[in-house]
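Each remark here refers to the structure printed beneath this line.
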Amino acid sequence: MPGMPPQGMPGGPMRGPMPGNMGGPMGGGPPQGGYGQYGSYPGTFGAQPPPANDPMWGYFTAIAGQDGEIDAEELQRCLTQAGFTGSYSPFSLDTCRIMIAMLDRDLTGKMGFNEFKELFSALNGWKQNFMMFDRDRSGTVEPHEMTQAINAMGYRISPQALNAILKRYNKGGRVFFDDYVACCVKLRALTDNFRQRDVMQQGSVTFQYDDFILCTMAI
């Protein structure tokens, strides 16, 4: 890809987290109501144009095309050509789809520049977290390590919920990096949807059926 560095974005996965609002490598903070703390998500509506010296802008425009946004296939190509996953297997198209869905606040199925930067910030934190437990650099972690990784991100969920997560995302008793990221994306997106409705931060909300379907099926 023209203008893409061979080993990831500036300040990328092997050099510490990129600028963003994840609050550090784990992306977490004090849990409230049983869920992790990720802060607010800045939207793109009414945003000022990015500065000309922003290095991410050049990478974004190289893949965004004329519409100024990127879809799942373009995102997959970007992450693969940038070498973001390093020695790990490239992200699947399904994982790239839910990455976009996590930040697709206008439900276009695409991602603008601000969301693009926010995603890379999150991915850097998740990769650092994964590498803490993947000590042999096999590209996988064991189920109990996955549990530790989820706890390290600030989530406090029941053993039953953790067991359901592990059954969903393990293959042959191991959790691969792609599945780990897919799990992180879904946890963050569903937590964000829940927090928006938990205005009293009590860890309890009431959903209308259609709203529940919208929150869960879009991810």
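- The ring of F116 has its center closer than 6.0 angstrom to the ring center of F120.
- Note that CZ of R174 and CE of M146 are 12.5 Å apart. Values are rounded to the nearest 0.5 Å.
- Of the possible polar contacts, one joining the D104 side chain to the G109 backbone as a donor-acceptor pair under 3.5 Å is found.
- With a 6.0 Å radius and a threshold of 12 heavy atoms from other residues, nucleotides or ligands, D210 has its CG atom at or below the threshold.
- In terms of heavy-atom proximity, M99 sits nearest to L123 at CE-CD2, 3.9 Å.
- Taking all atoms of both residues into account, the shortest heavy-atom contact from A161 to I157 is CB-CB, 4.2 Å.
- Between W57 and F113, the ring center distance clears the sub-6.0 Å criterion.
- In plain terms, the two heavy atoms of T80 and P90 that are nearest each other are OG1-CB, 3.9 Å.
- In this structure, F207 and F194 have tilted ring planes: the angle between them lies in the 30° to 60° band.
- Nearest heavy-atom pair across A122 and R188 is CB-NH1, 3.6 Å.
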Checklist entry - Between L119 and L75, does a side-chain contact (heavy atoms from CB on, under 4.5 Å) hold up when you go through it step by step? => result CA-CA 10 Å; L119 174 64; L75 178 61; 3.7 Å; yes
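- Taking both residues in full, the closest heavy atoms of L103 and E115 are given as CD1-O, 3.3 Å, listed atom of the first, atom of the second, then distance.
- For the pair R197 and D211, the salt-bridge criterion is met [side-chain N within less than 4.0 Å of a carboxylate O].
- The ring of F91 has its center closer than 6.0 angstrom to the ring center of F177.
- A side chain to side chain donor-acceptor pair (under 3.5 Å) check over residues 61-73, counting only residues at least two apart or in different chains, returns the pairs D67-K110.
- Using a 3.5 Å distance cut-off with no hydrogens or angles, the side chains of D178 and Y88 do not pair a donor with an acceptor.
- Donor-acceptor pairing under 3.5 Å is lacking for the side chains of D94 and S92.
- Under a 3.5 Å cut-off, the side chain of T147 and the backbone N or O of P143 do form a donor-acceptor pair.
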